[in-house]
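Read the numbers this way: they start at 1 and go in the same order the structure lists the ligands and their atoms.
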Amino acid sequence: EGVEERGLRMLIFGKPGSGKGTLSARLIKEYDIAFVSTGDVLRKEIAAQSEVGKKAEAIVASGGLVSDELMLEIVKTELDRLHGKSWIIDGFPRTLHQGELLDSVLNQENRPLNMIVHLNVPDAVIMARISARWVHLPSGRVYNTTYSAPKVPGKDDITGEPLSRRPDDTPETFSKRLQAYYESTAPLLEYFAKTYPSSLFSLSGSSSDEVLIAAGLKSPPSSSSSSSIISSIS
Ligand code: AP5
């Protein structure tokens, strides 16, 4: 009674383009952790022109947020798949209501969140990164022409298929996504700080190395032994 199910149940939280997908990809490469990106799920549904995809397409294209009801439906399906595993969710929750819904589902099953990583990156840094982002849509793999370039320009490292730009990465749509973050998503930070005071990790830093060092995926230049999220995972 009262014993929580073991395993990692982690959210990666941050502004659009803050590096959530990139950091998640590094973590799941190192550890046996399942991963869900609600953005990737939506892009696949849109590409497949499913019922969900048709409902979400115009909203995603305009930089707005898909309804909480539709998102919860998607996430519930994913959570069933994740049952009993360690997992990371990227892109959900994105509103206070989504956060409360997620908590109530997880708490009912006695498997509450136990790690929330907040990537805190300045807007100007993000804008520069987005203009250099290329993606492999079928897999969700992300590249950057300056930071993590593909081995062959314009081609996915694994399949060799062509990379593309995300349609919602234009400057106009991206600034709408940032605005949606500030209006609807940012209030979740306070909620997390209140609900999970000892599970919230904020990684600040505008350079690639600062974030990787804080995440424990790269050694600091000196032998300082700062704590990292990796030491909390393992
Ligand atoms: P989603 O796909 O979740 O988009 P996002 O939150 O805007 O995040 P991004 O995927 O753009 O960025 P990221 O933080 O993963 O950064 P990345 O690693 O690529 O959602 C898309 C849309 O779906 C939303 O706009 C909404 O419409 C809808 N949606 C999704 N979930 C929803 C929900 N729950 N509710 C309602 N609607 C929802 O990195 C960015 C770039 O920077 C890359 O080029 C990368 O190579 C580079 N980079 C990353 N890290 C570093 C680093 N440390 N140093 C240097 N460069 C770096």
Out of [options], who is nearest to [atom] when you count heavy atoms only?
| atom | options | value |
| --- | --- | --- |
| atom 29 (N) of ligand 1 | V66, T38, V41, L42 | L42 |
| atom 2 (O) of ligand 1 | R43, H97, K176 | R43 |
| atom 1 (P) of ligand 1 | Q98, R94, K15, K20 | R94 |

So for atom [atom1], which belongs to [X], do other residues, nucleotides or ligands contribute more than 12 heavy atoms lying within a distance under 6.0 Å?
| X | atom1 | result |
| --- | --- | --- |
| D80 | CG | yes |
| Q49 | CD | yes |
| K44 | NZ | yes |

Which atoms from ligand 1 have a heavy atom of [X] less than 4.0 Å away?
| X | value |
| --- | --- |
| G91 | 31 (N), 32 (C), 33 (C), 34 (N) |
| P16 | 5 (P), 6 (O), 7 (O), 8 (O) |
| G21 | 13 (P), 15 (O), 18 (O) |

Between D103 and Y191, does any side-chain donor sit less than 3.5 Å from a side-chain acceptor? yes
Could you tell me whether the side chains of N114 and S199 share a donor-acceptor contact shorter than 3.5 Å?
->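 The answer is no; no qualifying pair exists.
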Worksheet item: Backbone N or O of F192 within a donor-acceptor pair of the T195 side chain at under 3.5 Å?
Response: no
What I want to know is whether [X] and ligand 1 share at least one N or O pair that is separated by under 3.5 angstrom.
| X | value |
| --- | --- |
| I59 | no |
| L65 | no |
| G19 | yes |
| D90 | no |
| S37 | no |
| D168 | no |

Which heavy atom in [X] sits nearest to a heavy atom in [Y], and how many Å separate them?
| X | Y | answer |
| --- | --- | --- |
| L11 | P93 | CD1-CD, 3.5 Å |
| S86 | L8 | OG-N, 2.9 Å |
| K85 | R81 | NZ-O, 3.6 Å |

Ligand 1 contacted by [X] (non-hydrogen, < 4.0 Å):
| X | value |
| --- | --- |
| S148 | yes |
| G17 | yes |
| G64 | yes |

Heavy atoms only, cut-off 4.0 Å: how does [X] contact ligand 1, side chain, backbone, both, or neither?
| X | value |
| --- | --- |
| R133 | both |
| Y143 | backbone |
| M71 | side chain |
| T22 | both |

_Results of side-chain contact (heavy atoms from CB on, under 4.5 Å) for D156 - residues two or more places apart only_ =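 Only H136, R141, Y143, I158, T159, L163 meet the side-chain contact (heavy atoms from CB on, under 4.5 Å) criterion with D156.
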Is the shortest side-chain heavy-atom distance between T145 and W134 below 4.5 Å?
yes
